[in-house]
Amino acid sequence: MSQLSFTQVATLWKADKRQYVKKASYAIYARLCNHLIMPVFGDVLIPNEETIQSFANSLLERDYAPKTVKDTLLVLKMIIQFGEKLGAWPHITYSVHYPTRVEVPKFIPTFTKQDLNKLLQYLRTHFSFQNLGLFICLYSGLRIGEVCGLQWRDLDIAAGVIRVNKTVQRINLTDGELREYYVSVDTPKTPSSVRDIPLSRELKDIIRPFKRIMSQDYYVISGAAQPLEPRQFRAYFKRILRQLGIPAIRFHALRHSFATRCIESKCDYKTVSVILGHASISTTLDMYVHPGYTEKKKCIDRMARNLKS
């Protein structure tokens with residue numbers, strides 16, 4: 001094959017990639033390629049180490065998050081490898097260096113016990129399918145896409161579990177003149193996200209009468225054959241908090257609150273990790289296990305006693 005420009009190779013790469021990856025992943029790849037990579041490399045014949053290093057530096061100078069920089073460079077690497085595979089470019093050797101930022105630990109907001117009890121009391125006394133969805137999140141740690149994807153067949157009373165095997169996403173795909181906006185129901189991104197979570201006794205009691213009358217193909221929180229879109233459920237959640245006078249907090253705080261209460265209840269870290277669907281226990285430890293002053297002081301005191309013995 002004769003030499004192709006970067007634009008030609010990138011266009012062919014996107015067409016090829018779209019056949020093999022999930023729609024949500026392709027939307028991310030296309031966005032990074034079109035909005036960050038193409039403005040810099042579009043007129044380049046063959047990228048080289050100097051241009052790639054300069055590109056990485058420019059992303060950092062524009063204050064993009066480290067993950068965005070890494071993801072963008074990964075897409076660039078895939079395009080380069082695709083060009084080599086096509087025979088459009090010779091093998092390109094490069095090594096990109098950039099300073100790593102010191103990441104300040106992020107504060108993970110959770111409900112106070114008072115606000116959590118207020119929310120739970122409201123959900124118990126004001127039944128709706130959407131309120132049932134919020135209740136499920138508080139007792140299982142489901143992500144918003146996962147609870148939107150629950151069908152009545154996934155609530156298994158006999159086995160006593162919630163079967164998590166789908167996620168709902170709104171995908172906004174912009175690729176050249178192509179504009180697509182749709183709701184996708186797909187398998188979770190990682191194998192660890194496919195899991196069974198035990199149902200609490202209270203959830204069983206709430207769900208049992210509806211299992212007898214609801215179509216098993218219907219989605220739980222929409223009560224219909226079509227799922228509720230995550231952004232609609234998120235907006236509903238905000239309205240409930242406002243109505244109850246609870247400070248505004250992200251929907252993901254339901255998941256954080258569940259994990260925090262599990263850790264506070266001395267649940268095994270590995271078990272919590274599996275329930276949350278994390279790929280590794282280190283993710284759970286990094287996000288939720290932050291010893292306070294009392295725990296740290298006990299550790300120092302034990303160490304000091306050990307030195308004296």
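Residue indices begin at 1 and follow the sequence shown. Atom set for the values below is all heavy atoms of this structure, side chains included, hydrogens, waters and symmetry mates excluded.
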**Report entry** Worked verdict on D71 versus K67 for salt bridge (charged side-chain N to carboxylate O under 4.0 Å, His left out)
**Finding:** CA-CA 6 Å; D71 289 348; K67 185 179 186 309; 2.7 Å; yes
If you count every heavy atom of other residues, nucleotides or ligands that lies below 6.0 Å from [X] atom [atom1], does the total exceed 12?
{"X": "Q216", "atom1": "CD", "result": "yes"}
{"X": "Y122", "atom1": "OH", "result": "yes"}
{"X": "Q114", "atom1": "CD", "result": "no"}
{"X": "Q226", "atom1": "CD", "result": "no"}

Flag, side chain of [X] to backbone of [Y], donor-acceptor distance under 3.5 Å:
{"X": "T7", "Y": "G42", "result": "yes"}
{"X": "E49", "Y": "S95", "result": "yes"}
{"X": "S25", "Y": "V21", "result": "no"}
{"X": "S193", "Y": "P188", "result": "no"}
{"X": "W89", "Y": "F6", "result": "no"}

Distance alone, cut at 3.5 Å: any donor-acceptor contact between the side chains of [X] and [Y]?
{"X": "K22", "Y": "T187", "value": "yes"}
{"X": "T110", "Y": "H256", "value": "no"}
{"X": "K23", "Y": "Q169", "value": "no"}
{"X": "N48", "Y": "T51", "value": "yes"}
{"X": "H126", "Y": "S128", "value": "no"}
{"X": "S280", "Y": "S282", "value": "yes"}

Minimum heavy-atom distance between [X] and [Y], given as atom pair plus value:
{"X": "L276", "Y": "G141", "result": "CD2-O, 4.1 Å"}
{"X": "F55", "Y": "L36", "result": "CE1-O, 3.3 Å"}
{"X": "V96", "Y": "A56", "result": "CG1-CB, 3.6 Å"}

By side chain to side chain donor-acceptor pair (under 3.5 Å), which residues pair with [X], not counting sequence neighbours?
{"X": "Y139", "answer": "R124"}
{"X": "D156", "answer": "R163"}
{"X": "S215", "answer": "none"}
{"X": "Y236", "answer": "N131"}

Within this structure, what is the [atom1]-[atom2] distance for the pair [X] and [Y], rounded to the nearest 0.5 Å?
{"X": "D217", "Y": "W152", "atom1": "CG", "atom2": "CH2", "value": "13.5 Å"}
{"X": "I263", "Y": "T284", "atom1": "CD1", "atom2": "OG1", "value": "7.5 Å"}
{"X": "S273", "Y": "L285", "atom1": "OG", "atom2": "CG", "value": "7.5 Å"}

Report task. Quick one: sort the F210 and F127 rings into parallel, tilted or perpendicular, breaks at 30° and 60°. Result ->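 The rings of F210 and F127 lie parallel, inter-plane angle below 30°.
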With sequence neighbours left out, what residues match [X] under salt bridge (Lys or Arg N to Asp or Glu O under 4.0 Å)?
{"X": "K166", "answer": "D154"}
{"X": "D43", "answer": "none"}
{"X": "R231", "answer": "E229"}
{"X": "D186", "answer": "none"}

Query raised in the report: If you group Ile, Leu, Val, Met, Phe, Trp and Tyr whenever their side-chain heavy atoms sit less than 4.5 Å apart, what else falls in with V183?
Result: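 Its cluster partners, ordered by chain and number, are V168, V185, Y219.
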With [X] via side-chain contact (heavy atoms from CB on, under 4.5 Å) - residues at least two apart:
{"X": "I28", "result": "R31, L32"}
{"X": "S265", "result": "C267"}
{"X": "V164", "result": "L142, E146, I162, R195, I197"}

Query raised in the report: Is L12 linked to I79 within one hydrophobic cluster, defined over Ile, Leu, Val, Met, Phe, Trp and Tyr using a side-chain heavy-atom separation of less than 4.5 Å?
Result: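 L12 and I79: one cluster.
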Report task. Could you check N57 against Q53 for side-chain hydrogen bond (donor to acceptor under 3.5 Å, both in side chains), going step by step and ending with a plain yes or no? Result -> CA-CA 6 Å; N57 292 342; Q53 179 67 68; 3.1 Å; yes
